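See structure below.
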Amino acid sequence: MTNTTVTDTIHTNAEAGDVEAARTEAGGSTVAAYAAPAPKAPLERTTVPRRALGAHDILIDIAYAGICHSDIHQVAEDWGPGIFPMVPGHEIAGVVGEVGPEVTRWAVGDRVGVGCFVDSCRECDSCRAGLQQYCTGGSGAVFTYNAVGRDGAPTYGGYARQLVVDENYALRIPGALPLDVAAPLLCAGITLYSPLTRWGAGPGRKVAIVGLGGLGHLGVKIARAKGAEVTVLSQSLRKREDGLKLGAHDYRATSDPATFTELAGTFDLIVNTVSADLDLSGYLGLLRTDGTLVQVGAPEKPVSINAHALLVGRRSLAGSMIGGLPETQEMLDFCAEHGIGAEIELIRAEQINEAYDRVLASDVRYRFVIDTATI
Ligand code: NAP
Ligand code: ZN
Ligand code: ZN
């Protein structure tokens, strides 16, 4: 495993020289970005506006942006119509470059991250409980891209040189975490940390992670660090060596029918990270009595299950979406304490489209991260 100890290279605009960060008339700026101009179209270099700093806004000089499979789903409109041009990216790590006049939480130079949402109503029960991702006020949480902000303007994500965000929606990246391997924690990390915590992954508990991709590999690391006994359920044994190095105790191929007979009734918790539709009934059969299968993968097609797979053993099927701000900070601190970062392949911006193809082919070990200085 590589890259977990690399030193940060923080690219400021001043260092990069020819960055397009021109001031607009309204006092905002225009920043270089990579966008899909239309559904399913290849991403290309462009510029997008960033708003002028409000009283509580910070400007982040983005250093790295992870490529999440959700980026690919949204460019392809797998989940419904998108807003174009679309600048994906919700695994953002960088450094505070400017602060608004009333900002109290941050200073220039602080290392920060932004995940899947940049605002929410702040008043509903979910927001008050720190579960901003489940905001029920207005039209819900404002996602980092492919959404409309509370100012009515479209949001543009992290495949860009800079981002302006409310100070309350940024997270502190601990000094022990290099920014490049920290970026994927902002979505993939929290998406696994949250269900593993809620459903009690820990000593004496058997946990299976389905799919060893961006989410799955962090699930293995986090579940292991929490003390659980971890099994990877992957399409084949191709990545077995890696899975065991990442911390799995066992690694099984789901293409082998014996996996489903030998492991029947074994797990307390299964987290399914697969981006495609699977026959979940077979996986439910791997749960012990009262076990839970948590769906975090977000395929295009509806999930269908055989009711008997739930009834037998009083099993539960649950879902989980990223995590709220307090839990995301807790996750970053946990990862820093346990030396957990993503296994990454750092790419230049012009490799984004090739990286998308490789993610779709399950050819990723285990997260592509864009060096945004190359945009
Ligand atoms: P990824 O890196 O592509 O990993 C997905 C893994 O699923 C692949 O590496 C592969 O693992 C397995 N897989 C892919 N196609 C498969 C198929 N046809 N049959 C069986 N297994 C298959 O994707 P990711 O970034 O981890 O995201 C995974 C999913 O989670 C996406 O749908 C994404 O949108 C969703 N997501 C949800 C949340 C949330 O909050 N709930 C957050 C982020 C992402 P093996 O090769 O090991 O089989
Ligand atoms: Zn994501
Ligand atoms: Zn709310």
Side-chain angles (χ1 to χ4, degrees), residues 65-76 78-79 88-92 115-117 119-146 150 157-158 183-195 209-220 232-240 242-243 246 248 251-255 271-279 283 294-301 318-325 328 342-343 345 355-368:
I67 293 180
C68 177
H69 205 119
S70 301
D71 300 345
I72 301 172
H73 285 305
Q74 289 179 86
V75 167
D78 286 347
W79 301 340
H90 57 210
E91 295 186 334
I92 300 167
C116 296
F117 54 89
D119 208 345
S120 64
C121 86
R122 308 168 196 219
E123 285 166 3
C124 70
D125 289 348
S126 294
C127 283
R128 285 182 197 277
L131 297 168
Q132 293 84 0
Q133 77 276 31
Y134 304 130
C135 174
T136 55
S139 48
V142 176
F143 291 100
T144 305
Y145 67 89
N146 194 22
R150 296 210 287 176
L185 300 177
L186 274 304
C187 174
I190 184 59
T191 298
L192 272 291
Y193 182 87
S194 186
I209 305 289
V210 190
L212 194 70
L215 268 55
H217 92 287
L218 285 167
V220 171
V232 174
L233 301 174
S234 180
Q235 293 167 93
S236 72
L237 295 180
R238 200 165 48 96
K239 296 178 280 192
R240 185 171 178 276
D242 286 357
L246 290 164
Y251 196 104
R252 300 295 184 100
T254 53
S255 52
V271 184
N272 176 23
T273 75
V274 171
S275 47
D277 54 323
L278 286 187
D279 171 17
Y283 292 83
V294 182
Q295 177 72 27
V296 297
E300 187 180 352
K301 291 192 189 138
S320 185
M321 189 176 86
I322 45 175
L325 292 166
T328 305
E343 303 300 319
E345 188 170 334
Y356 274 30
D357 291 341
R358 286 183 53 194
V359 171
L360 286 168
S362 296
D363 177 23
V364 50
R365 299 196 179 194
Y366 282 87
R367 200 54 141 187
F368 290 108

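The model shown is predicted, which means the values in this text are computed figures rather than measured ones. Order of appearance sets the numbers: ligands from 1, and atoms from 1 within every ligand.
On a distance-only criterion, Ile322 and ligand 1 share at least one N/O pair closer than 3.5 Å. Polar contact with ligand 1: present for Leu212 (N/O pair, distance under 3.5 Å). Checked by distance only, ligand 1 and Arg238 stay at 3.5 Å or farther apart across all their nitrogen or oxygen atoms.
The nearest heavy-atom contact from the protein to atom 33 (C) of ligand 1 is Ser70 OG, 3.4 Å. Closest to atom 7 (O) of ligand 1 among all protein heavy atoms lies Val274 CA, 3.6 Å. For atom 46 (O) of ligand 1, the closest non-hydrogen atom of the protein is Lys239 NZ, 2.7 Å. For atom 14 (C) of ligand 1, the nearest non-hydrogen atom of the protein is Ser362 OG, 3.4 Å. Taking atom 27 (O) of ligand 1 as the reference point, the nearest protein heavy-atom neighbour is His69 CB, 3.4 Å.
At a cut-off of 2.8 Å, His90 is counted among the residues with an N, O or S atom near the Zn ion (ligand 2). Taking 2.8 Å as the threshold, His69 does not count as a candidate ligand of the Zn ion (ligand 2), since none of its N, O or S atoms lies below it.
Counting heavy atoms under 4.0 Å from ligand 1, residue Cys116 does not touch it at all. Only the side chain of Trp79 comes within 4.0 Å of ligand 1, counting heavy atoms alone; its backbone N, CA, C and O stay farther away. Contact annotation for Thr273 and ligand 1: only backbone heavy atoms (N, CA, C, O) come within less than 4.0 Å of the ligand. Contacts between Ala276 and ligand 1, counted as non-hydrogen atom pairs separated by less than 4.0 Å, involve the side chain only. Neither the backbone nor the side chain of Val232 comes within 4.0 Å of ligand 1, counting heavy atoms alone.
To the nearest 10 degrees, the Zn ion (ligand 3) sees SG of Cys135 and SG of Cys124 at an angle of 120°. To the nearest 10 degrees, the Zn ion (ligand 3) sees SG of Cys127 and SG of Cys121 at an angle of 120°.
Judged purely by atom type and a 3.5 angstrom limit, Thr144 has no side-chain atom pairing as donor or acceptor with the backbone of Gly157. Checking side-chain atoms of Ser120 against main-chain N and O of Cys135 turns up no donor-acceptor pair under 3.5 Å.
For the residues His217, Gln235, Arg358, Met321, the heavy atom positioned nearest atom 20 (C) of ligand 1 is part of Gln235. Taking each of Gly323, Pro195, Ser234 in turn, the one with a heavy atom nearest to atom 45 (P) of ligand 1 proves to be Ser234. Here atom 39 (C) of ligand 1 lies nearest to Thr191 when heavy atoms of Asn272, Thr191, Leu215 are compared. Of the candidates Ser255, Gly214, Gly213, the one placing a heavy atom closest to atom 6 (C) of ligand 1 is Gly213.
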Problem set entry | Val142 and Phe117: CA distance, side-chain angles, deciding distance, side-chain contact (heavy atoms from CB on, under 4.5 Å) verdict | CA-CA 5 Å; Val142 176; Phe117 54 89; 5.9 Å; no
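Of all non-hydrogen atoms in Pro195 and Ile190, the two that sit nearest each other are CD-O, 4.3 Å.
A side chain to side chain donor-acceptor pair (under 3.5 Å) with Arg367 is found for one member of His69, Glu91, His217, Glu345 and no other, namely Glu91.
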